[in-house]
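Below is one structure; the comments refer to it alone.
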Amino acid sequence: MKSMLMAAAAAAVLVAAGPSAAQTAKPTAAEAKAFVENAEAQIEKANAFAARAAWVRANFITEDTQWLEAKASAEQNELATRFAMEAARFDGVPVDAVTARKLKLLKLYLVSPAPNRPGAAEELANLLTKLDSTYSTGKFEFKGKQITLNDAEDVLRSSRDPAELKAVWEGWRTVSPQMRADYATFAGLSNEGAKSLGFKDTGALWRSNYDMDPDAFAAETDRLWKQVEPFYRNLHCYVRARLNDQYGDAVQPRTGPIRADLLGNMWAQQWGNIYDIVQPKGVTSSYDLNKLLVEKGYDPVKMVKTGENFYSSLGFAPLPETFWNRSLITRPRDREVVCHASAWNLDDKDDIRIKMCTKVNAEDFSTVHHELGHNYYQRAYKDQPVLFRNGANDGFHEAIGDFAALSASTPTYLNQIGLLEKVPGADEDIPFLLKMALDKIAFLPFGLLVDRWRWQVFSGETTPEEYNADWWKLRLQYQGLMPPAQRPADAFDPGAKYHVPGNTPYTRYFLAHIYQFQFHRAACQQAGWKGPLHRCSVYGQKEMGERFNRMMELGQSQPWPQTLKVFTGETRTDASAVADYFKPLNTWLVQQNKGENCGW
Ligand code: X8Z
Ligand code: ZN
């Protein structure tokens with residue numbers, strides 16, 4: 001393996017000698033292949049180091065670990081950006097299909113490439129480490145005590161006092177104004193890097209990673225949103241009426257947008273926590289997963305073991321011993337960590353881990369399956385070459401675990417694992433579907449708008465002065481939400497959502513909320529399921545699991561439509577599976593909304 005140093009030295013000699021025949025001649029296919037192989041080896045090495053530095057910082061946030069992470073990340077970014085630029089040398093060279101795909105993926109490898117000038121990669125990395133750490137260590141005063149995001153989420157989940165909800169919702173948003181200037185500097189640097197690689201801006205770079213033209217991808221997300229928007233509007237209308245019943249006109253009017261702090265979640269992205277407020281009259285749900293988990297004595301580790309058991313039932317090998325020794329499963333008392341849940345593979349082989357501040361509730365029961373999905377995917381494609389060790393697209397990566405959670409949320413499954421004594425009959429279909437829709441359908445517009453906002457920021461359409469106002473324009477347009485009161489002039493509300501300071505693209509979750517239903521529909525078909533989709537659980541279906549694994553093993557080695565086809569037979573992202581799953585509920589919502597003035 002050639003070292004980085006040697007490659008750089010050789011290049012320097014060539015330049016000093018002036019343009020030679022070797023330089024002006026078109027590079028060969030063999031040279032392209034060698035270049036890619038070298039790049040992969042170098043990137044793998046840099047990753048091994050950067051991943052550990054990032055893990056340590058995320059598990060122990062201090063000045064020093066931030067310094068270490070930023071340094072490793074800057075080096076990795078510099079290296080990968082340089083390879084991405086060099087990859088352009090081989091444009092138009094007739095290379096084999098694998099090399100061609102690798103050259104393409106090399107240009108798309110970084111979320112935020114650094115500008116190619118001294119100090120820029122360091123500055124970018126320092127900003128990102130600082131933004132993420134500011135978010136993760138954020139605290140504010142509530143009832144005379146300093147509280148964390150975790151504490152605040154507990155209040156939003158369970159309090160039904162609008163004054164308290166407003167205080168906590170606003171309180172958390174006092175953590176982000178200090179991020180605004182740094183975010184603007186970061187966006188400028190990232191754009192400069194993206195432009196140097198030939199992209200219009202960072203948003204265009206992000207949109208280019210879907211095996212289609214970036215504009216076509218944006219149009220694709222519009223098409224999908226149009227498919228599901230009517231359903232979201234029905235849910236919005238129904239939920240708004242129930243909130244109005246609960247709180248009265250002064251708190252939640254029966255028309256217009258919904259107050260964002262009343263929906264049980266800090267970002268109003270999933271609404272399942274307010275099921276008690278919106279439950280249908282007359283048909284009660286015979287169980288509450290939150291209560292079952294507590295009653296049956298679940299603790300965070302048991303939640304994760306239960307998740308593992310689901311995947312084992314599909315034929316996946318158990319998690320390695322190191323997973324249990326190295327994962328972070330609960331929030332430590334004595335140090336600062338990044339609590340936002342994530343899944344890692346530290347050595348690109350078997351050193352898979354999760355990091356989450358797990359609580360014993362229904363939301364985290366689902367999140368455990370989500371995170372494990374990432375780990376099983378990482379392990380499935382570990383034998384692919386470095387540049388193919390990724391999801392077919394990032395939406396696939398987010399959808400694997402959610403797909404598992406769809407089965408693991410069914411009463412049938414909860415009964416099979418002993419959590420639920422009696423499987424309810426069809427009369428509980430609507431309560432069940434409503435619970436699911438509060439999480440899955442409510443999420444869709446949020447899943448779309450976070451990057452709509454960032455695309456505008458990166459393109460320059462939204463300036464730093466307009467950051468907050470434009471955020472709320474999108475919140476209103478897509479979600480039909482408004483803040484509980486006018487926002488202060490210095491507010492930077494996008495910064496109060498992890499993925500903005502964490503610089504994680506978000507459209508992946510929108511896509512995942514569609515793919516997971518496509519996977520579920522195909523899996524249930526393969527398992528021979530004949531009933532309604534929402535009652536199907538594929539727990540224990542080993543043959544189906546094997547076919548699912550065949551899709552997962554492919555990683556990013558081929559365009560995602562081909563990979564989708566391996567498991568589902570379909571080649572398009574298609575929200576008809578969402579419609580199939582929720583069909584009875586949509587019909588029911590339309591009936592319930594009779595006489596309401598829907599929309600906002
Ligand atoms: O960030 C996540 C996962 C980690 S990839 C916990 N999710 C999004 C969010 O929390 O905003 C899962 C659903 C959407
Ligand atoms: Zn995820």
Side-chain angles (χ1 to χ4, degrees), residues 54-55 58 111 132 135-136 149-150 152-153 156-157 172 176 260 263-273 300 303-304 307 311 327-329 331 337-345 352-359 361-379 390-406 408-409 436 438-454 471 475 478-479 493-517 519 552:
W55 173 266
V111 172
D132 190 276
Y135 180 97
S136 299
L149 173 59
N150 263 199
E153 287 185 276
L156 278 178
R157 184 180 296 122
W172 172 243
S176 48
L263 290 157
N265 173 279
M266 186 55 88
W267 309 274
Q269 65 181 64
Q270 283 136 340
W271 306 348
N273 291 326
M303 302 248 289
V304 184
Y311 289 91
S327 288
L328 180 91
I329 294 178
R331 185 186 188 108
V337 301
V338 177
C339 262
H340 189 86
S342 54
W344 301 57
N345 188 350
I352 46 182
R353 313 175 191 176
I354 59 167
K355 189 175 63 54
M356 68 181 275
C357 303
T358 317
K359 294 194 175 164
N361 60 38
E363 200 177 321
D364 276 2
F365 186 74
S366 175
T367 303
V368 159
H369 291 81
H370 175 95
E371 295 308 331
L372 291 181
H374 287 306
N375 279 156
Y376 285 103
Y377 204 1
Q378 287 160 340
R379 198 170 59 177
N390 213 337
N393 67 40
D394 54 6
F396 277 59
H397 228 304
E398 299 302 336
I400 304 288
D402 283 8
F403 154 72
L406 283 181
S409 302
M436 295 302 283
L438 289 171
D439 286 335
K440 303 293 182 183
I441 300 298
F443 181 80
L444 289 160
F446 186 74
L448 202 62
L449 79 83
V450 175
D451 279 355
R452 286 287 194 271
W453 181 80
R454 276 190 292 204
W471 173 258
R475 291 272 264 175
Y478 285 102
Q479 284 184 290
D493 296 335
K497 175 64 198 164
Y498 176 72
H499 301 68
V500 173
N503 198 33
T504 308
Y506 211 81
T507 309
R508 59 183 63 186
Y509 303 105
F510 173 75
L511 297 173
H513 276 67
I514 297 171
Y515 289 139
Q516 62 188 271
F517 290 98
F519 293 163
M552 289 165 71

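Quick note: residue numbers are just sequence positions, from 1. Both ligands and their constituent atoms are indexed starting at 1 by order of listing.
For ligand 1, the atoms closer than 4.0 angstrom to any heavy atom of E398 are 5 (S). Less than 4.0 angstrom separates some heavy atom of H374 from each of these atoms of ligand 1: 5 (S).
Residue H499 has at least one N or O atom closer than 3.5 Å to an N or O atom of ligand 1. The N/O atoms of H340, backbone and side chain alike, include one that comes under 3.5 Å of an N/O atom in ligand 1. At least one N or O atom of Q269 sits closer than 3.5 Å to an N or O atom of ligand 1. For ligand 1, the polar-atom distance check against Y509 finds a nitrogen or oxygen pair separated by under 3.5 Å. At under 3.5 Å, a nitrogen or oxygen of K497, whether backbone or side chain, sits near a nitrogen or oxygen of ligand 1.
When the N, O or S atoms of H370 are ranked by distance to the Zn ion (ligand 2), NE2 comes first. In terms of distance to the Zn ion (ligand 2), the nearest N, O or S atom of E398 is named OE1.
Metal site remark for the Zn ion (ligand 2): H397 contributes no N, O or S atom at a distance under 2.8 Å.
For the ligand labelled ligand 1, residue Y498 lies outside the 4.0 Å heavy-atom shell.
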Determine, step by step, whether Y509 and H499 satisfy the side chain to side chain donor-acceptor pair (under 3.5 Å) criterion, reporting the C-alpha distance in whole Å, the side-chain angles of both residues, the deciding distance to 0.1 Å, and the verdict.
CA-CA 11 Å; Y509 303 105; H499 301 68; 3.0 Å; yes

